[in-house]
Each structure stands twice: as structure tokens, then as C-alpha cells.
Visitor: 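Just dropping this structure here.
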Amino acid sequence: MASPFILASNSPRRRALLAEAGYEFEVIVPAVSEIASAHLSLCELTIANATRKGSAVSHLHPHRIVLAADTLVALEGEVIGKPRDLNHARVILQRLSGRTHDVCTGVCIVDPQRKISFTEISQVRFHKLNASDIANYFRVVNPIDKAGAYAAQAAGRSIIASVEGSFTNVIGLPMERTTAFLAQFGLQPVNASRPQLRTGPSQRVRARASTPCTKTKR
């Protein structure tokens, strides 16, 4: 029997969030590359990438429900992707040091009848980091495959001072809204006793208004 839905993602962080929330799903990694365009806003770019991933897997499995996502970091409107190497990762964290940046995740859910997409933005403020702080962090976390060269769930307290908005969004999937949208497709956690949300590395975690980027296509 097929799983209730497909997660079109290679991210172990998204897999962990959904599994911890009690969902059953199948993972299929989409064979598409992520796009980067200076002509698209942060919201538009994450939605475009999430839609490309979801559509690629949905094309191969047209009768299944597919969930895809893309997360990007932006500092003062400039998108910061994944680092090319360790030196580039070091430069990125030096830029984010002591400052507040945006983390945006675009989510796309598609089935044979409709496609829903939305974005969520959280604001993350870093501690002031020196070279030693960054070196110590890299001993614990491999930054190469991570947007912004960091992972909020891995030793996050050592670099993150506060998060405003969804903490799971910073990890890679805004579970508060994702759970609500999955329910619209008739998908519920199979084990409701599992924890559904994580808390962040700071006590100053506040809800913020959802971004007006939700779209429904039929």
C-alpha cells in the first residue's frame, strides 16, 4: 500500500520534521536543479523552486499527493544561498554576525485536482560571532549543504540569539501552516501523540503575520 503522500525533497531536516509530527510518507528526490534569479523576490524564488520540485515528482506520480519545499536566507533583501566551500561559509556567517536576516520557505502541495503554494518568513538574529565562534560551530555542523551556511537545529544556540516567527520554518519546513494545508488534502498525522512543533533556541519566539503568497490553482 502506498504511503499517504510523497515528500519531494532530499532534505533530512524536512524528513525529520514530518516524521516527528507523526506523518507517514514516501521520499522521492526530484531530479531538478534549483534556480537563482535576481529578477525574483525571496518569496517568488522559493515558490518557484518548490513548484519545480513538486511538479517534477507529480509528473512521474500523477495520482499521488506531493509535498515540496525550498528554503532561502536573505540579508537586507539579498538572497544568500548555500556556500560553495568552507571559506565561503565562513564569509557568510561573518556577514550574518550580530545582524537580523530573513529565512523564507516556499511550500508547494499538489494532487491530481489542485496545487497550493505558500511562503513563510521568519526573522533570525545572530549573536556577534568572532573567528573562534565560527570555527567551533563548523566543528559541530557541516555548513556546505545549508542555506545561509548554518542549521538552526544543530548547535543553534551557539550562533542564534533569537527567532521571530516559526522556528520549524528556519529548519526547513513551517510545520504550523504545513500541517493545516496537509489537512485540506485529507492528510493527518498517524500518531497524534508525537510532538508537532519544536521550540527555538531563544525564549523570544513570537508569532508573526503570514506572508500573502498563498496560491491555489485548479
Side-chain angles (χ1 to χ4, degrees), residues 1-30 32 42-72 102-124 147 152-153 163-200 205-218:
M1 182 177 178
S3 300
F5 68 96
I6 296 171
L7 172 63
S9 176
N10 193 35
S11 167
R13 297 166 289 281
R14 295 190 184 110
R15 279 180 264 172
L17 285 170
L18 287 166
E20 289 172 7
Y23 288 98
E24 286 187 351
F25 54 94
E26 179 182 356
V27 175
I28 297 179
V29 180
V32 297
L42 185 62
C43 281
E44 291 169 339
L45 193 53
T46 57
I47 284 290
N49 280 320
T51 301
R52 281 167 56 83
K53 296 173 187 178
S55 296
V57 174
S58 180
H59 178 73
L60 298 175
H61 303 274
H63 303 296
R64 303 282 300 278
I65 299 172
V66 178
L67 167 66
D70 183 62
T71 302
L72 289 172
D102 291 331
V103 178
C104 179
T105 300
V107 180
C108 178
I109 308 173
V110 58
D111 73 2
Q113 283 76 45
R114 59 180 169 166
K115 179 188 297 180
I116 292 178
S117 58
F118 67 92
T119 60
E120 183 79 18
I121 295 179
S122 302
Q123 293 184 321
V124 180
Q153 77 281 10
V163 175
E164 182 176 342
S166 168
F167 181 69
T168 57
N169 177 53
V170 182
I171 296 176
L173 192 63
M175 291 302 297
E176 301 90 343
R177 295 181 68 198
T178 299
T179 297
F181 278 106
L182 286 175
Q184 293 186 21
F185 287 81
L187 298 171
Q188 300 287 345
V190 296
N191 186 347
S193 65
R194 295 187 185 181
Q196 301 244 350
L197 298 175
R198 296 188 180 195
T199 56
V205 178
R206 301 193 298 269
R208 62 177 280 152
S210 299
T211 53
C213 297
T214 302
K215 301 178 182 178
T216 303
K217 298 180 181 178
R218 295 188 181 277

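Residues: numbered from 1 along the sequence shown. Any value given below was found using the heavy atoms of this structure, including those in side chains, with hydrogens, waters and symmetry copies removed.
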Visitor: If you compare all heavy atoms of Ala21 against all heavy atoms of Met175, which two are closest, and at what distance to 0.1 Å?
Guide: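 Nearest pair, atom of Ala21 first, then Met175: CB-CE, 3.7 Å.
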Visitor: Can you label the angle between the Tyr23 ring and the Phe5 ring as parallel, tilted or perpendicular, going by 30° and 60°?
Guide: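 Aromatic pair Tyr23/Phe5 classed perpendicular.
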Visitor: Indicate yes or no: at least one non-hydrogen side-chain atom of Ile121 is less than 4.5 angstrom from one of Cys43.
Guide: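 Yes, at least one pair of side-chain atoms sits under 4.5 Å.
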Visitor: Mind checking whether Val57 and Pro30 have side chains closer than 4.5 Å, heavy atoms only?
Guide: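 Side chain of Val57 against side chain of Pro30, heavy atoms only: contact under 4.5 Å found.
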Visitor: With no hydrogens and no angle check, is any side-chain donor or acceptor of Ser58 less than 3.5 Å from a backbone partner on Gly54?
Guide: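 Looks like no, no N/O pair under 3.5 Å.
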Visitor: If you take all heavy atoms of Thr105 and Ala69, which pair is closest and at what distance?
Guide: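 In terms of heavy atoms, the two residues are closest at CG2-CB, 4.1 Å.
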Visitor: Give the intermediate values and the outcome of side-chain contact (heavy atoms from CB on, under 4.5 Å) for residues Leu17 and Thr178.
Guide: CA-CA 11 Å; Leu17 285 170; Thr178 299; over 6 Å; no
Visitor: Would you name the heavy atoms of Ala152 and Val170 that are closest together and state the gap between them?
Guide: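 Shortest heavy-atom contact: CB-CG1, 3.5 Å.
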Visitor: Would you please test Val29 and Lys53 for side-chain contact (heavy atoms from CB on, under 4.5 Å) and show each step?
Guide: CA-CA 8 Å; Val29 180; Lys53 296 173 187 178; over 6 Å; no
Visitor: Show your reasoning for whether side-chain contact (heavy atoms from CB on, under 4.5 Å) applies to Arg64 and Ser3.
Guide: CA-CA 9 Å; Arg64 303 282 300 278; Ser3 300; 4.2 Å; yes
Visitor: Is it the case that atom CD in Gln184 sees more than 12 heavy atoms from other parts of the structure closer than 6.0 Å?
Guide: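 Yes.
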Visitor: Taking all heavy atoms of Gly172 and all of Thr71, pick out the closest pair and write down the distance.
Guide: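 Closest heavy-atom pair between Gly172 and Thr71: O-OG1, 3.4 Å.
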Visitor: Within the 3.5 Å criterion, strictly below it, is a donor on Glu120 or Ser166 matched to an acceptor on the partner's side chain?
Guide: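 Per modelled atom types, Glu120 and Ser166 side chains form no pair under 3.5 Å.
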Visitor: Could you tell me which residues satisfy side chain to side chain donor-acceptor pair (under 3.5 Å) with Asn49, sequence neighbours excluded, listed by chain and number?
Guide: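 Partners of Asn49 under the side chain to side chain donor-acceptor pair (under 3.5 Å) test: Asp70.
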Visitor: Given the ring of Phe25, does Arg15 sit roughly above its face, with NZ or CZ under 6.0 Å from the centre of the six-membered ring and within 45° of the axis?
Guide: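 Ring-cation test returns no.
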Visitor: If you look at every heavy atom in Arg177 and Thr119, which pair is closest and at what distance?
Guide: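 Minimum heavy-atom contact is NH1-O, 2.6 Å.
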Visitor: Within a 6.0 Å radius of atom NE2 on His59, are there more than 12 heavy atoms belonging to other residues, nucleotides or ligands?
Guide: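 For His59, atom NE2 is not crowded (no more than 12 foreign heavy atoms under 6.0 Å).
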Visitor: For residues Gly106 and Ala50, report the shortest heavy-atom separation together with the two atoms involved.
Guide: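 Nearest pair, atom of Gly106 first, then Ala50: O-CB, 3.4 Å.
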Visitor: Please name the residue in the list Leu18, Thr168, Leu7, Thr179 that meets the side chain to side chain contact (heavy atoms under 4.5 Å, CB included) test with Leu173.
Guide: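 With Leu173 as partner, side chain to side chain contact (heavy atoms under 4.5 Å, CB included) holds for just one option, Leu18.
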Visitor: Between Val107 and Phe181, is a side-chain contact (heavy atoms from CB on, under 4.5 Å) present by the stated rule, with each step listed?
Guide: CA-CA 10 Å; Val107 180; Phe181 278 106; over 6 Å; no
Visitor: Which value, rounded to the nearest 0.5 Å, describes the distance between Leu72 atom CG and Leu42 atom CG?
Guide: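 So the CG of Leu72 and the CG of Leu42 are separated by 6.0 Å.
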Visitor: Say you draw a straight line from OG1 of Thr51 to NZ of Lys115; how long is it, rounded to the nearest 0.5 Å?
Guide: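 One finds 5.5 Å between OG1 of Thr51 and NZ of Lys115.
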Visitor: Checking the side chain of Arg14 only, and the main-chain atoms of Ala68 only, is there a donor and an acceptor separated by less than 3.5 Å?
Guide: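 Not at all, since once roles are kept as given, no pair shorter than 3.5 Å links the two residues.
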